[in-house]
Amino acid sequence: MDAIYLFVIAAVIASFGITIVVRSTMDKVMETPEKLASLQSRLFIFVALIEVVPLILIVIGFIYLMDSTVNAVLPLGVVILSVLVNFISLFVKKNELISHESHVQSSLNTLFMIGTVLMAAIPLVAVVAIMVR
């Protein structure tokens, strides 16, 4: 398998996995806002577990990057599309969970921002790696 595809697979696994966990955490914050600290701790633990496989794929991808012969247009498109789909998914979730309590809404906005950055981190590494080749 070409190294470029390893980066794409890593980006897709990380972005979709993290989006699922962040959306679930946002739902739980709406149900029990007083458990925000423990929910955020669990979020970061799950994100770390989700990112294990993508990080291994990225390391293997960098090892074999110079042998890559694939055109980078389609892989870049898949990575960018993955990030856009997951960003829209998080944005829609944030907007459908509206709370009348300001501290809960603030917590949801914070989770959205944290989730967006976490979701885009591995795909950003993948885009840079694809462009470096």
| Val53 and Met1: same hydrophobic cluster, using ILVMFWY side-chain contacts below 4.5 Å? | yes
Separation between CD1 (Ile114) and CG (Leu90), nearest 0.5 Å, reads 12.0 Å
* Steps toward side-chain contact (heavy atoms from CB on, under 4.5 Å) verdict (Leu118, Phe44) -> CA-CA 10 Å; Leu118 289 172; Phe44 288 119; 3.9 Å; yes
* To do: State, yes or no, whether a side-chain contact exists between Leu108 and Met30 at a heavy-atom distance under 4.5 Å.
  => yes
Check: With side chains defined as the heavy atoms from C-beta onward, is the minimum distance between Ile13 and Leu57 less than 4.5 Å?
Finding: yes
Interatomic distance, CD1@Ile45 vs CD@Gln40, rounded to 0.5 Å, equals 12.0 Å
Looking only at heavy atoms, the pair that brings Gly61 and Phe7 closest together is C-CZ, 3.5 Å
Step by step, would you call Val79 with Leu124 a side-chain contact (heavy atoms from CB on, under 4.5 Å)?
CA-CA 9 Å; Val79 171; Leu124 181 62; over 6 Å; no
>> With a 4.5 Å cut-off on side-chain heavy-atom distances among I, L, V, M, F, W and Y, is there a chain of contacts connecting Ile9 to Ile63?
In response: yes
Review point. Counting only N and O atoms by type, is there a donor-acceptor contact under 3.5 Å from the side chain of Ser68 to the main-chain atoms of Tyr64?
Key: no
Smallest heavy-atom separation, Ala72 atom then Ile130 atom, equals CB-CG2, 3.5 Å
Notebook entry, point to check: For the hydrophobic clusters of this structure (ILVMFWY residues joined by side-chain heavy atoms under 4.5 Å, transitively), does one cluster hold both Val78 and Val85?
Noted result: yes
To the nearest 0.5 Å, atom CG of Asn109 lies from atom CE of Met113 at 9.0 Å
Test item: Asp2 side-chain N/O and Thr69 main-chain N/O as donor-acceptor pair under 3.5 Å: yes
Between Leu36 and Val22, is there a shared hydrophobic cluster once you connect ILVMFWY residues whose side-chain heavy atoms come closer than 4.5 Å? yes
In this structure, NZ of Lys28 is separated from CG of Leu43 (nearest 0.5 Å) by 10.0 Å
Donor + acceptor pair across side chains of Ser15, Ser82 (<3.5 Å): yes
Donor-acceptor pair between Thr25 and Arg42 side chains, under 3.5 angstrom: no
Self-check item: Minimum side-chain heavy-atom gap Thr116-Phe91 below 4.5 Å
Solution: no
Given the options Ile50, Val83, Leu55, Ile122 meets side chain to side chain contact (heavy atoms under 4.5 Å, CB included) only with Leu55
Indicate if Leu84 and Ile20 have the same hydrophobic cluster label, given that clusters are the connected sets of ILVMFWY residues with side-chain heavy-atom separations under 4.5 angstrom.
no
The reported gap from CE in Met119 to CG in Asn86 (rounded to nearest 0.5 angstrom) is 5.5 Å
Is the shortest heavy-atom distance from the side chain of Leu97 to the side chain of Gln105 under 4.5 Å?
-> no
Nearest heavy-atom approach of Val29 to Ser107 is CG1-CB, 4.3 Å
Side chain to side chain contact (heavy atoms under 4.5 Å, CB included) with Phe112: of Arg23, Lys93, Met26, only one passes, and it is Met26
The reported gap from CD1 in Ile4 to CG in Leu65 (rounded to nearest 0.5 angstrom) is 5.5 Å
Does the side chain of Leu111 reach to within under 4.5 Å of the side chain of Lys94, using non-hydrogen atoms? no
